[in-house]
Amino acid sequence: MHWFLFSMVVVIYTLAMAGNAAMVLLIWADARLHTPMYFLLSQLSVLDIFFTSVTVPKMIAGFLFGWISISFEGCGAQMFFFMFLGAAECILLALMAYDRYVAICNPLRYPLLMSRQTCLLLVAASWLGGSFNASIQTALTLQFPYCGSRKIAHFFCEVPSLLRLACADTATYEQVLFVTGVVVLLVPIAFITTSYALILAAVLRMHSVEGRKKALATCSSHLAVVNLFYGPLVYTYMLPASYHSPGQDDVVSVFYTVLTPMLNPVIYSLRNKEVTGAMKKVIGKCGVGRTV
């Protein structure tokens, strides 16, 4: 069982790294994908590469060599980068919904509203927002005294798991954590929901069946990714601690730290004709290169 889990984690992590790296390179190499939507998608893939690398290599080392300990400083660093990249991805997914809203509801103004400079500012905002959130959460979590057991009932340093080990009353901070969850999770979810409600209204007014299909196909990929990422995070950070158990937290965390980064490029590849076309073009060039 031990080696089976190790093999599964290694395979999924490898697929996640390869899939997201391939997506970034594909978008960079194909001029047809040099659009705001695919630029944001490439940033999502970059975030996924770093996000899954915060926890999975340490997990693999634990399986392989039995290295299950981590220093207090290392735990703080892992927690910071996990929350930093996770919050940045939450914000970026909301901005991707805005991109789809502008493209479908205001197509004539799309080049102006989603210029290259605007895209860079949006990406910078997601990274800065994630960094700000992680700085506050990490500082507040690490200031508690940890005088009892130092054994974390989890496979990485996550805020809820560390709070169970604190020797002080964490009720006030848990309320702060809930408010932060509202800002980082529920506000982007509300933004995404509003964007897609407006998109749906615009799609229903379209007379072209082909236009409807294209709009819905583009949006369905993003919605699938949103559900895969936000669902587990809402469970972890918005539900009261009484609804959690260490076993459930492990399963949910594996889902959004390991499986979701692997599935994101697959979802966008299978549901997007432009990405599929670019992949076939690259594969065709490689085949011609070998023949020559």
Side-chain angles (χ1 to χ4, degrees), residues 5 8-9 12-13 16 44 47-48 50-56 58-59 75 78-97 126 129-130 133-134 136-138 140-141 144 151-166 170-196 220-264 266-267:
L5 291 174
M8 287 294 294
V9 170
I12 293 172
Y13 177 64
L44 178 66
L47 282 173
D48 276 338
F50 288 119
F51 185 63
T52 193
S53 296
V54 170
T55 57
V56 178
K58 176 67 177 173
M59 190 196 314
C75 185
Q78 188 182 60
M79 185 166 53
F80 171 82
F81 284 108
F82 175 80
M83 289 189 291
F84 163 37
L85 296 165
E89 187 158 338
C90 286
I91 297 169
L92 184 64
L93 287 171
L95 297 176
M96 291 173 74
S126 68
N133 170 73
I136 294 174
Q137 296 285 12
T138 304
L140 290 175
T141 303
F144 285 107
K151 187 175 181 179
I152 302 172
H154 206 19
F155 64 88
F156 70 99
C157 295
E158 194 172 18
V159 173
S161 299
L162 259 70
L163 291 181
R164 296 191 188 103
L165 304 180
T170 61
T172 302
Y173 175 53
E174 287 178 13
Q175 292 176 358
V176 173
L177 188 65
F178 178 81
V179 172
T180 305
V182 170
V183 174
V184 176
L185 293 174
L186 295 191
V187 170
I189 289 174
F191 187 83
I192 292 169
T193 303
T194 303
S195 297
Y196 277 107
S220 62
S221 299
H222 182 249
L223 280 174
V225 171
V226 166
N227 287 326
L228 284 172
F229 189 72
Y230 276 100
L233 286 175
V234 169
Y235 167 84
T236 301
Y237 288 96
M238 299 303 299
L239 291 182
S242 58
Y243 287 84
H244 293 236
S245 71
Q248 291 172 336
D249 287 348
D250 283 347
V251 172
V252 173
S253 296
V254 165
F255 194 86
Y256 67 79
T257 58
V258 184
L259 288 176
T260 301
M262 181 198 72
L263 292 173
N264 285 352
V266 175
I267 292 169

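Treat the numbers as computed from the prediction; the structure is a model and nothing was measured. Along the sequence shown, residues are numbered consecutively beginning with 1.
Residue pairs meeting the side chain to side chain donor-acceptor pair (under 3.5 Å) criterion with at least one partner in residues 177-186, sequence neighbours excluded, are Q137-T180.
Inter-residue side-chain proximity for Q78 and K58 is flagged as met; some heavy-atom pair is nearer than 4.5 Å. The side-chain heavy atoms of D48 and T52, taken from C-beta on, include no pair separated by under 4.5 Å. At a threshold of 4.5 Å between non-hydrogen side-chain atoms, the residues I12 and M8 count as touching. For the pair L259/L228, no side-chain contact is recorded, criterion being any heavy-atom separation below 4.5 Å from C-beta on. Put simply, the side chain of F229 reaches to within 4.5 Å of the side chain of F51, judged on heavy atoms.
Taking CG from L162 and SG from C75, the interatomic distance works out to 4.5 Å, rounded to the nearest 0.5 Å. I189 contributes atom CD1, which lies 11.5 Å from atom OG1 of T194 (distance to the nearest 0.5 angstrom).
Of all heavy-atom pairs spanning T260 and Y256, the tightest one is OG1-CA, 3.6 Å. In terms of heavy-atom proximity, F80 sits nearest to T138 at CA-OG1, 3.3 Å.
Applying the side chain to side chain donor-acceptor pair (under 3.5 Å) criterion to T141, with sequence neighbours excluded, gives Y173. Under the rule for a side chain to side chain donor-acceptor pair (under 3.5 Å), the partners of T170 that lie at least two apart in sequence or sit in another chain are E174. For S53, the side chain to side chain donor-acceptor pair (under 3.5 Å) partners are Y13, not counting sequence neighbours. Remark: Y196 pairs with H222 by the ring-ring contact (aromatic ring centres under 6.0 Å, His included) rule, at least two apart or across chains.
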Side-chain donor-acceptor pairs of residues 82-97 under 3.5 Å, sequence neighbours excluded:
none

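Counting heavy atoms of neighbouring residues, nucleotides and ligands inside a 6.0 Å radius, atom CZ of F81 does not exceed 12 of them.
In this structure a side-chain-to-backbone donor-acceptor pair under 3.5 Å is missing from N133 to G129.
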